Amino acid sequence: MDLRLPSPLERLDDERLGGIEVFLKRDDLIHPDFPGNKWRKLKYNLRAAREQNHTTLLTFGGAYSNHLRATAAAGHHFGFATIGIVRGEQHTPLNPILARATALGMTLAYVDRATYREKTEETLRERYGDFYLIPEGGANAYALEGCAEIPAEIDRGFDVLCCSSGTGATLAGVATALGPHQRAIGFSALKGDFLAADVRRLQSACGRTSENWSVDNRFHFGGFAKRDATLTAFVDDFEARHGIALDPVYEGKMMYAILTGRLFPAGTTVVALL
Ligand SMILES: *Cc1c(COP(=O)(O)O)cnc(C)c1O
């Protein structure tokens with residue numbers, strides 16, 4: 001399997017920059033089955049699963065979870081069986097993400113929302129036997145370790161590292177590895193005010209707390225996977241200008257914030273993690 005690492009760093013040339021410099025860190029190009037940060041978050045989980053002699057990976061996600069598909073791909077490429085616990089009811093035909101996960105060998109099990117919330121490891125072990133458990137979104141200490149490798153790949157100076165956030169694991173991880181005058185901002189793809197607490201919890205869990213990050217909850221466009229005509233037009237226009245199809249769930253919201261939000265003083269160098 002070919003992973004494009006280090007992922008490319010590209011300067012963005014756009015008339016809306018307003019005096020800031022923006023570079024795109026193209027983690028979306030690492031591998032088609034591991035878009036965005038999905039490889040970063042799985043890397044050390046796979047090593048741990050192997051070292052602990054597990055043969056099966058089990059994880060969780062919604063029906064459109066790229067993390068489920070990435071875990072299926074990891075199992076396929078690295079020789080683990082995979083089980084995906086999907087929130088909600090089964091719909092046929094399967095959507096492209098679940099269809100791909102199935103094609104990569106993942107066994108899917110659907111649970112209603114209440115059961116999903118209560119999913120306990122014990123019940124799952126009774127049902128599925130031994131497995132290595134990866135939390136929803138891959139968000140654990142191993143994920144932070146993988147994401148902490150991103151800043152060192154950026155071979156030029158920068159002030160701010162921006163990422164789009166779901167669980168906050170990527171933000172938590174990159175923040176542990178920045179230089180003394182750098183900071184990270186996570187743009188939440190979800191509506192609500194819980195991301196900062198989640199990031200703090202994730203950092204504490206691996207004993208690497210830092211104060212060099214913040215979250216911006218203003219650009220969720222109505223909530224997870226929600227969008228409006230403004231975001232759709234922004235993403236379409238971005239593709240026409242730059243030939244890059246931003247995913248509207250995460251990347252589109254972050255780039256909208258960076259290019260229209262007037263968030264940084266002129267002269268700031270920003271790296272946006274795709
Ligand atoms: C999965 C994904 C995220 C969410 O990352 P977290 O570590 O859960 O915050 C953000 N951006 C992109 C492009 C993703 O694919």
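Whatever order the structure lists them in is the order used to number ligands and atoms, beginning at 1. Note that this is a predicted model, so its numbers are computed, not measured.
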Check ion pair Asp33-Arg100 (N to O, under 4.0 angstrom): yes

Salt-bridge criterion met for Glu153 and Lys25 (N-O under 4.0 Å): yes

Which residue owns the protein heavy atom closest to [atom], what's the atom, and how far is it?
{"atom": "atom 8 (O) of ligand 1", "result": "Thr167 OG1, 2.6 Å"}
{"atom": "atom 2 (C) of ligand 1", "result": "Lys38 NZ, 2.5 Å"}
{"atom": "atom 7 (O) of ligand 1", "result": "Thr170 OG1, 2.6 Å"}

Donor on one side chain, acceptor on other, Thr209 and Gln203, under 3.5 Å: no

Polar side chain donor-acceptor pair, Asp2 to His31, under 3.5 angstrom: no

Shortest heavy-atom approach to atom 11 (N) of ligand 1 - which of Ser164, Ser188, Gly166: Ser164

Selected option - heavy-atom contact closest to atom 6 (P) of ligand 1, from Met254, Lys41, Glu251: Lys41

Sequence neighbours excluded - salt bridge (Lys or Arg N to Asp or Glu O under 4.0 Å) pairs with any residue from residues 57-75: none

Atoms in ligand 1 with a heavy atom of Ser165 nearer than 4.0 Å: 9 (O)

Ligand-side contact atoms (ligand 1) for residue partner Ala169, heavy atom cut-off under 4.0 Å: 7 (O), 9 (O)

Within-shell test, Gly168 vs ligand 1, heavy atom, strictly < 4.0 Å: yes

Ligand 1 contact by Asn37, heavy-atom criterion under 4.0 angstrom: yes

Nearest heavy-atom neighbours spanning Glu251 and Asp247: OE1-N, 2.8 Å

Joint cluster assignment, Trp213 & Val271, ILVMFWY side-chain distance < 4.5 Å: no

